[in-house]
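Here the structure comes first, spelled out in C-alpha cells, and everything after it is commentary.
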Amino acid sequence: MAQKPGIPKGTRDFSPTEVAKRNYIFSTIKEVFETYGFQPIETPSFENYSTLMGKYGEEGDRLIFKILNSGDYLKKVDEAILVSKNSVKATSQISEKALRYDLTVPFARYVVQHQNDIVFPFKRYQMQPVWRADRPQKGRFREFYQCDADVVGSKSLWQEVEFVQLYDAVFSKLKLLGTTIKLNNRKILAGIAEIIGEKDKLIDFTVALDKLDKIGAEGVSKEMLLKGISEEAIKKVTPLFNFNGTNQEKLNQLEELLKNSEEGIQGVKDLRFVVNNVETLGLQSANLELDVTLARGLNYYTGAIFEVSAPKNVKMGSIGGGGRYDDLTGIFGLKNISGVGISFGLDRIYLVLEELNLFKEVDLPKPTILFLNLGESEASFCMKALVELRKHQIKSELYPDTAKMKKQMNYANKREIPFVVIVGSKEIELDKYTLKNMHTGDQKLCDLQELMNISI
RNA sequence: GUGAUUGUAGCUCAGCUGGUUAGAGCGCCGGAUUGUGGUUCCGGAGGUCGCCGGUUCGAAACCGGUCUUUCACCCCA
C-alpha cells in the first residue's frame, strides 16, 4: 500500500517560481547588507541543547525543537524521572542537541568561540532557516528564514541610526513602500516602571503595554491589574495610552514624564540621538515612529528596540525586528561586549510582496532552446550543437526521448521555451538546423553560428 | 499549550434531512493529425470520501478520538 505523501505541519515545499521569488528577496537583502559593510557567516542547523536552553525564556524553551539522542537513549535516564513522567527533566537526559531557534544566540556563541579571530567591531550577516515548535498560523511557520545583521563590539548609537537606514534601504529596494520602523528603548520602559514604582514588574508591565493597539487602553489596564500592578501606578501611565504627535513631541513629553528617572532620561537622550540623525539623513520610503508600547524581545534587549510593520493596508505581523543587547556574549563568558542587530523575516516579507503584487517578473532558469529528438542519429547530431551552445552560455537542452513531435512541442510549450530546433534527416544532410520561434510560429533553416546569435 | 475551523480524483470543488454502481470542471494519457505546439473534437485511466473506532438494516454524511489545513489566544519573524 502506497504511503500518502506529506510534510510536517508548518513546513512548506517551494516550487521553482517560489524559489526564484525568494531568491530575489534574499539577494536584495544580501546586497544591502554588504553595501553597509556586513560579512556573512553561517552556523550549524543544530546547536548543543545547553547552548539554546534558557536563552529565550520559558516559552522559548517549549518552542525549541529537541533532537533525540542516538542509540538506546532511554537506558541512561534516571528511573525516578521516567516514573515521575517529568518531561522537562527527561528531555535534558534524552536530548543533547536542538535545532536553531534564532540566529542571535548562535551568533553570540560564535563570537565567543572565535573571539581571537574576529576583528572588532564585528559586523556579520546571516541568512539561514530557524525552527520553532509553534502552532502555525498566518505568517507563522515552524521552519522559516531569518536574515540578520548585527554589530558586536561597539556601543555607538550610530549603529542604531545605520540600522534604521538599512531597513529603509531594503524595503525601498523591494518597492515595499510605506513600512513603519518602530523604535523604542528599554531604558524608557525601565524609567516608566521606576516612576510608577513598579520597577520589579517591568516585564509584566511592558508585555501588557505592548498589547495596547490590540486590546485597547481598557484591556491593558485590566491586564496590568491582573499582574498585580497598582491602580495608582496605572493612573500614572495613562498618558501613554494616548501618546501621539510627532517623534519630537513625543520625546518632549517623555522627557517631562521621566525627569525623575536617571535611566529614563538616558533613554530619551539615546532616542533623541537616533531620531534626530535619521531625520537629518532622511529616509527613502519608510516611516520612523517612536512607539513606547514596543516591548518585544525584552528578555535580552537593553537599549534600542526595533520592529518593522508592513504597510498599513496589509494584515501581517512584524516583518522585522531587532535591538541592542549590552551583554550579548556574557552568558558564554565574554563580558562587556555590546551588540546591536536587526532581523528580516523573509517568509513574511514574501507574503506581503505577494499580497501587494510586488514581485517583478521573476527569471525562471529555463532553456532558450529545446532540440527535438527525432531519433538516435538526429539526437547525436543535436548534441554536438548543444556542446557549442553551452560553451557560449546559451541555455539549451535536448528532449531526452525519441517521442512524437506533438508531445515534444507540447513540452516546449508548457515550459515556455521560446525556441525549438528541429533536426531530421533533411537537416543532417544539409548540416543545418530548423529553428522555430514558438511565439510567432516562424521557422527558418540556419547554421550553427546563427543559432549562437539567438538572444532572448 | 488553549479555543475554533478544514479534509471527497493530481488540482479546484459538487454530493439535498444517512439509502444501493460517489460526480463536474481543469489537468493527465491516447486518438483524429506517423516532420510541427498553443485551438477544437472523440475516447480513457484515476477515489477503500484524511485515519481509527462507534451508532445504524445501511455512513462521504451522525458521534468520539487522532492527524492535517486555516484562524485567534499565548508568544513571535
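What you see is a predicted model, and the numbers here were worked out from it, not measured in a lab. So that the names make sense, note that chain A is the first sequence line, chain B the second, and so on, each numbered from 1.
For A:Glu427 and B:G35, a side-chain-to-base donor-acceptor distance below 3.5 Å is present, hydrogens and geometry of angles not being considered. Side-chain atoms of A:Gln443 and base atoms of B:U36 include a donor and an acceptor less than 3.5 Å apart. The base of B:C75 sits with one of its N or O atoms less than 3.5 Å from a complementary donor or acceptor on the side chain of A:Arg140. Not a single donor-acceptor contact under 3.5 angstrom links the side-chain atoms of A:Asn410 to the base of B:G37.
Counting any heavy atom pair closer than 4.0 Å across all strands shown, A:Phe141 reaches a base atom. Residue contacts shown for A:Lys426 include a base, since a base heavy atom lies under 4.0 Å away. Using a 4.0 Å heavy-atom criterion, one finds that A:Ile422 contacts the bases of the nucleic acid, with or without backbone contacts as well. A:Gly139 comes within 4.0 angstrom of a nucleotide base, judged by non-hydrogen atoms across all strands. Counting non-hydrogen atoms under 4.0 angstrom, A:Lys406 reaches a base of the nucleic acid. Nucleic acid contact for A:Val207: sugar-phosphate only, since backbone atoms but no base atoms lie under 4.0 Å from a heavy atom of the residue.
Tested against A:Tyr56, the residues A:Thr104, A:Asp61, A:Asp102 include a single side chain to side chain donor-acceptor pair (under 3.5 Å) partner, A:Asp102. Results of the ring-ring contact (aromatic ring centres under 6.0 Å, His included) test with A:Tyr350 over A:Phe14, A:Phe359, A:Phe344, A:Phe144 single out A:Phe359 as the only residue that passes. A salt bridge (charged side-chain N to carboxylate O under 4.0 Å, His left out) with A:Glu223 holds for exactly one of A:Lys211, A:Lys214, A:Lys201; it is A:Lys211.
A:Lys315 has a side-chain polar atom (N or O) that falls below the 4.0 Å cut-off from OP1 or OP2 of B:A72. Neither OP1 nor OP2 of B:U36 sits under 4.0 Å from any side-chain N or O of A:Lys436. Of the side-chain N and O atoms in A:Gln137, none sit less than 4.0 angstrom from OP1 or OP2 of B:C71. A close approach under 4.0 Å does not occur between any side-chain nitrogen or oxygen of A:Lys211 and OP1 or OP2 of B:C76. The shortest distance between the side-chain N/O atoms of A:Lys404 and the OP1/OP2 oxygens of B:G31 is below 4.0 Å.
Stacking of the aromatic ring of A:Phe144 onto the base of B:A77 is found: the ring centres lie under 5.5 Å apart and the planes are inclined by under 30°.
A:Ile196 is listed as a side-chain neighbour of A:Phe205, based on a closest heavy-atom distance under 4.5 Å.
Rounded to a whole angstrom, the distance from the C1' atom of B:U66 to that of B:A9 is 25 Å. Rounded to a whole angstrom, the distance from the C1' atom of B:G18 to that of B:G54 is 15 Å. Rounded to whole Å, the C1' atom of B:G47 lies 11 Å from the corresponding atom of B:G23. To the nearest whole angstrom, the two C1' atoms, one in B:C26 and one in B:C71, are 29 Å apart. Between B:C16 and B:C76, the distance separating the two P atoms is 46 Å to the nearest Å.
Comparing A:Thr434 and A:Arg135 along RNA chain B, the residue whose closest nucleotide (by nearest heavy atom) sits nearer the 5' end is A:Arg135. For A:Ile7 and A:Gly345, each mapped to the nucleotide of RNA chain B holding its nearest heavy atom, the one lying further toward the 5' end belongs to A:Ile7.
A:Ile342 has its CD1 atom 19 Å from the P atom of B:C76, to the nearest Å.
B:U5 is unpaired under the criterion used here, namely a Watson-Crick or G-U wobble arrangement in which both key atom distances are under 3.5 Å. Across all strands shown, B:G64 forms a Watson-Crick or G-U wobble pair, both distances under 3.5 Å, with B:C52. If you check B:A24 for Watson-Crick or wobble pairing at under 3.5 angstrom, you find it paired to B:U12.
Side-chain rings of A:Phe38 and A:Tyr125 stay apart, their centers remaining 6.0 Å or farther from each other. In this structure, A:Phe163 has its ring center at least 6.0 angstrom away from the ring center of A:Tyr36.
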